[in-house]
Amino acid sequence: MKITVVSIGKTVKGFVYQGVEEYLKRLTRYIKVDFIVLPDVKNSKNLTQPQLLNKEELLLMPYIEACPMVYLLDEKGKQFTSVQLAKFFEAKMLAGAKEVILIIGGAYGVSDRIKESVQGKIALSNLTFSHQMVRVILLEQLYRAMTILKGEPYHHS
């Protein structure tokens with residue numbers, strides 16, 4: 001199985017970029033992970049929030065339409081413990097899923113159409129994180145999930 005993470009907007013903070021790169025490197029031992037960064041919408045400062053979400057929707061919909069297993073990172077989504085998240089991905093693997101796509105929206109989230117088009121929503125916490133920080137947190141949790149599935153000592157229960 002392959003995991004594809006699709007995110008809106010370039011990584012602007014160096015420490016976020018370093019964290020993303022570190023966990024992508026670590027994950028290569030366990031699973032193929034593609035990390036796709038979609039370009040920021042041009043002239044976004046001149047758009048209203050609904051206009052911006054609609055333009056971002058146009059960028060995201062091809063990924064949703066191309067894969068039967070797409071999940072949105074959303075603060076109102078289902079929360080998992082790290083072990084539960086590992087079992088979630090294990091179930092997808094055992095079911096024969098070829099790919100799972102995880103979507104990280106932009107600074108204002110995603111449009112209602114995107115929310116309605118995905119198979120589910122996953123929350124990383126009750127806390128709200130910047131869409132930049134979510135990238136590192138998600139990849140660390142994917143790495144943790146893979147080490148849990150392999151019985152490696154990274155995660156302490």
Looking at [atom1] of [X] and [atom2] of [Y], how far apart are the two atoms once the value is rounded to the nearest 0.5 Å?
X    : Y    : atom1 : atom2 : answer
R29  : K150 : CZ    : NZ    : 9.0 Å
K45  : D40  : NZ    : CG    : 9.0 Å
R144 : T81  : CZ    : OG1   : 11.0 Å
E99  : I3   : CD    : CD1   : 10.0 Å
D112 : E57  : CG    : CD    : 9.0 Å
M146 : E90  : CE    : CD    : 9.5 Å

Item checked: Residue of the set K78, K121, K92 for which side-chain hydrogen bond (donor to acceptor under 3.5 Å, both in side chains) holds with Y71 ->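 It is K92, the one option of K78, K121, K92 that forms the side-chain hydrogen bond (donor to acceptor under 3.5 Å, both in side chains) with Y71.
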
Check: Taking only residues two or more places apart in sequence or in another chain, which ones pass salt bridge (Lys or Arg N to Asp or Glu O under 4.0 Å) with K32?
Finding: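 Partners of K32 by the salt bridge (Lys or Arg N to Asp or Glu O under 4.0 Å) criterion, ordered by chain and then number, come out as D34.
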
Check: Between G9 and R135, what is the shortest heavy-atom contact and its length?
Finding: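 Taking G9 first and R135 second, the nearest heavy atoms are O-NH2, 2.6 Å.
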
Checklist line | For A123 against G77, the heavy-atom pair lying closest together | finding: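 Shortest heavy-atom separation between A123 and G77 comes out as CB-O, 3.4 Å.
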
Checklist line | Salt bridge present between R26 and E21 (N-O < 4.0 angstrom) | finding: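 Answer for the salt bridge query: no.
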
Remaining members of [X]'s ILVMFWY cluster at a side-chain heavy-atom cut-off under 4.5 Å?
X    : result
L47  : V6, I8, I36, L38, V41, L52, L53, L59, L60, M61, Y63, I64, V70, L72, I101, I103, Y108, V110, I114, V118
Y17  : none
I148 : V83

Check: What do the steps show when you test E56 against S111 for side chain to side chain donor-acceptor pair (under 3.5 Å), and what is the final call?
Finding: CA-CA 8 Å; E56 290 176 346; S111 69; over 6 Å; no

Measure the shortest side-chain to side-chain distance between [X] and [Y] over non-hydrogen atoms and say whether it is less than 4.5 angstrom.
X    : Y    : answer
I104 : L102 : no
K2   : K98  : no
T4   : F35  : no

Next item on the list: Kindly indicate, with the supporting measurements, whether the criterion side chain to side chain donor-acceptor pair (under 3.5 Å) is fulfilled by S82 and Q141.
Entry: CA-CA 7 Å; S82 294; Q141 284 300 303; 2.8 Å; yes

Next item on the list: Group every Ile, Leu, Val, Met, Phe, Trp and Tyr by side-chain heavy-atom contacts under 4.5 Å, then state whether L127 and L139 land in the same group.
Entry: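 Result: yes, single cluster for both.
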
Notebook entry, point to check: Under 3.5 Å, is there a donor-acceptor pair between the side chain of Q51 and the main chain of T48?
Noted result: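 Present.
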
Notebook entry, point to check: Hey, does the side chain of E22 reach the backbone of G19 with a donor-acceptor pair shorter than 3.5 angstrom?
Noted result: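 No, the answer is negative, given that no donor and acceptor are paired below the 3.5 Å cut-off.
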
Checklist line | Residues in ring pair (Phe, Tyr, Trp, His ring centres under 6.0 Å) contact with Y154, at least two apart in sequence or another chain | finding: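 Here the qualifying residues are Y143.
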
Check: Can you name the residues that form a ring pair (Phe, Tyr, Trp, His ring centres under 6.0 Å) with F80, not counting sequence neighbours?
Finding: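 Partners of F80 by the ring pair (Phe, Tyr, Trp, His ring centres under 6.0 Å) criterion, ordered by chain and then number, come out as F88.
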
Next item on the list: Could you give me the CA-CA distance, side-chain angles and deciding distance for L142 and Y23, then say whether side chain to side chain contact (heavy atoms under 4.5 Å, CB included) is met?
Entry: CA-CA 9 Å; L142 290 175; Y23 285 105; over 6 Å; no

Check: Does the pair Y30 and T147 meet the rule for a side chain to side chain contact (heavy atoms under 4.5 Å, CB included), with working shown?
Finding: CA-CA 8 Å; Y30 305 97; T147 63; 3.6 Å; yes

Check: For D74 and I122, what are the C-alpha separation, side-chain angles and deciding distance, and is it a side chain to side chain contact (heavy atoms under 4.5 Å, CB included)?
Finding: CA-CA 6 Å; D74 185 281; I122 298 172; over 6 Å; no

Item checked: Working for side chain to side chain contact (heavy atoms under 4.5 Å, CB included), residues V100 and M1 -> CA-CA 8 Å; V100 172; M1 184 177 87; 3.7 Å; yes

